[in-house]
Amino acid sequence: RARAGAGRPSVVAAAAAAAERGIGAMGDYCSVAEDAKVARAKLLLGEPLDELSKNAVETLDLMGHGGGDEGAMLLASALHINASLRQLNLRWNNISERGAEALALALRSNTTLTSLDLYCNSIKDSGATAIAKALSESSPLQMLDLGWNNIGDRGAGALASALKANRSLRRLGLEQNTIELSGAEAIAAALKTNRSLASLQLARNPVGEAGAVVLAEAAQLCWSLTTFDLMPQMTGRCSTVRSNLSLSGFSIPEEEDLNQEFNAALPAAAAAMAVS
């Protein structure tokens, strides 16, 4: 069995070789560092990429082991031609806008992926906007989790526009982002016309009381919506918001229930840190 990394030049050796060629120190360092990230991603994803190339896998769970942006780009290249994968879990992978944009391009050509989990990365507004563009086209995605990705009003607005055109998405997770009133209003407007979304997770976004109320009112007009999580951030106005939301007819999880669900999704090491 080949040892991981065997036969691959070390970063130090590559840097020395580049220095001998007279490449500038800073440019050389950046190039070598980038090459090292790509090499690491290839080592992590060697077997999954091989399975994708053979159309031999339907589910990939790469939570915490997807290789960051470089891994996301390698997976995106494979998804352009893959015709077997249905579910892809990329939680906790430090994927930024760059990786999200590569995945979004793949979504525009892939015809089989129905579930994409990007919870707890950092795709921000730009990454969310790129994915929203793919959703606006003929994407087969039915489940998309973008929770805890530092997505604000601009990203929420782009996703809301996509919801007006999309007819396949059943579950959208946007919990624990930075969506405020204008983002809430955009999503509310989309809910009034969308007829496919069954679950919307918006817990702990700073939408405020006005945003919570406009979302709750819109949710009542979306007849397909059966699960609607709008647990507010813990503030002095929380009880008032909860009272207003109770008018919507949707159940609102208590904070301890959400904590149990969140901790269950944490990797073991992170859960131990959360407990301590």
Side-chain angles (χ1 to χ4, degrees), residues 117-120 123-129 131-133 135-136 141-263 265:
D117 193 339
L118 287 168
Y119 183 84
C120 200
I123 72 169
K124 302 180 181 177
D125 284 335
S126 296
T129 299
I131 291 175
K133 186 173 182 180
L135 287 177
S136 298
L141 273 186
Q142 296 178 21
M143 194 290 288
L144 176 63
D145 197 335
L146 300 178
W148 212 345
N149 264 285
N150 199 22
I151 297 170
D153 287 339
R154 183 165 66 87
L159 289 166
S161 296
L163 287 177
K164 293 179 180 179
N166 182 276
R167 292 294 179 268
S168 65
L169 197 66
R170 300 274 297 161
R171 183 191 186 280
L172 176 60
L174 287 170
E175 64 272 26
Q176 204 85 14
N177 278 296
T178 57
I179 299 169
E180 298 183 351
L181 178 57
S182 64
E185 290 174 335
I187 293 173
L191 289 179
K192 294 177 181 178
T193 59
N194 183 279
R195 294 295 178 265
S196 62
L197 198 65
S199 174
L200 177 60
Q201 310 294 321
L202 280 166
R204 294 183 178 174
N205 278 279
V207 299
E209 183 175 348
V213 171
V214 73
L215 281 165
E217 291 174 348
Q220 295 179 81
L221 302 177
C222 184
W223 59 263
S224 62
L225 197 64
T226 57
T227 302
F228 182 44
D229 185 351
L230 193 54
M231 176 70 188
Q233 292 182 313
M234 296 296 101
T235 66
R237 302 177 68 84
C238 180
S239 60
T240 302
V241 175
R242 181 178 291 276
S243 297
N244 286 329
L245 287 176
S246 67
L247 299 175
S248 69
F250 292 93
S251 62
I252 306 167
E254 298 293 338
E255 182 178 11
E256 54 269 26
D257 296 330
L258 287 173
N259 285 336
Q260 289 176 5
E261 179 181 351
F262 173 72
N263 287 331

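Computed from a prediction, not measured in an experiment: that's the story for all the values here.
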query = Between Asn205 and Gln176, which heavy-atom pair has the shortest distance, and what is it?
reply = ND2-N, 3.8 Å
query = For the residue pair Pro206 and Asn177, what are the closest heavy atoms and their distance?
reply = CD-O, 3.7 Å
message = Show the nearest heavy-atom pair for residues Arg195 and Ser224, with the distance to one decimal.
response = C-OG, 3.5 Å
Without placing hydrogens or testing angles, list every side-chain donor-acceptor pair under 3.5 Å for residues 149-160, not counting sequence neighbours.
{"from": "Asn149", "atom 1": "OD1", "to": "Asn121", "atom 2": "N", "distance (Å)": "3.4"}
{"from": "Asn149", "atom 1": "OD1", "to": "Ser122", "atom 2": "N", "distance (Å)": "3.1"}
{"from": "Asn149", "atom 1": "OD1", "to": "Ile123", "atom 2": "N", "distance (Å)": "3.1"}
{"from": "Asn149", "atom 1": "ND2", "to": "Leu118", "atom 2": "O", "distance (Å)": "2.8"}
{"from": "Asn149", "atom 1": "ND2", "to": "Leu146", "atom 2": "O", "distance (Å)": "3.3"}
{"from": "Asn149", "atom 1": "ND2", "to": "Gly147", "atom 2": "O", "distance (Å)": "3.1"}
{"from": "Asp153", "atom 1": "OD1", "to": "Glu180", "atom 2": "N", "distance (Å)": "2.7"}
{"from": "Asp153", "atom 1": "OD1", "to": "Gly183", "atom 2": "N", "distance (Å)": "3.1"}
{"from": "Asp153", "atom 1": "OD2", "to": "Ser182", "atom 2": "OG", "distance (Å)": "2.7"}
{"from": "Arg154", "atom 1": "NH2", "to": "Ser126", "atom 2": "OG", "distance (Å)": "3.3"}

inquiry  = Please evaluate residues Leu181 and Glu185 with respect to the criterion side chain to side chain contact (heavy atoms under 4.5 Å, CB included), reporting the C-alpha separation (whole Å), side-chain torsions for both, the decisive distance (0.1 Å), and the verdict.
reply    = CA-CA 6 Å; Leu181 178 57; Glu185 290 174 335; 3.8 Å; yes
Gap separating the CG atom of Asp229 from the CG atom of Leu174, nearest 0.5 angstrom = 11.5 Å
query = Taking all atoms of both residues into account, what is the closest heavy-atom pair of Ala132 and Ala162, and its distance?
reply = O-CB, 3.4 Å
request  = Test side chain to side chain contact (heavy atoms under 4.5 Å, CB included) on Glu175 and Trp148 and set out the steps.
outcome  = CA-CA 6 Å; Glu175 64 272 26; Trp148 212 345; over 6 Å; no
Any side-chain heavy-atom pair of Ile131 and Leu144 under 4.5 Å = yes
ask   = Distance from Asn166 atom CG to Leu197 atom CG, nearest 0.5 Å?
value = 9.0 Å
note = Looking only at heavy atoms, the pair that brings Ser136 and Ala165 closest together is O-CB, 4.1 Å
inquiry  = Can you tell me how far apart CZ (Arg170) and CG (Leu200) are? Round to the nearest 0.5 Å.
reply    = 13.0 Å
key: Minimum heavy-atom distance between Leu169 and Met143, given as atom pair plus value   = CD1-N, 3.9 Å
query = Is a donor on one side and an acceptor on the other found under 3.5 Å between the side chain of Asn194 and the backbone of Cys222?
reply = no
task = For Ser199, enumerate each residue passing the side chain to side chain donor-acceptor pair (under 3.5 Å) test, keeping only those at least two apart in sequence or located in another chain.
result = Gln201
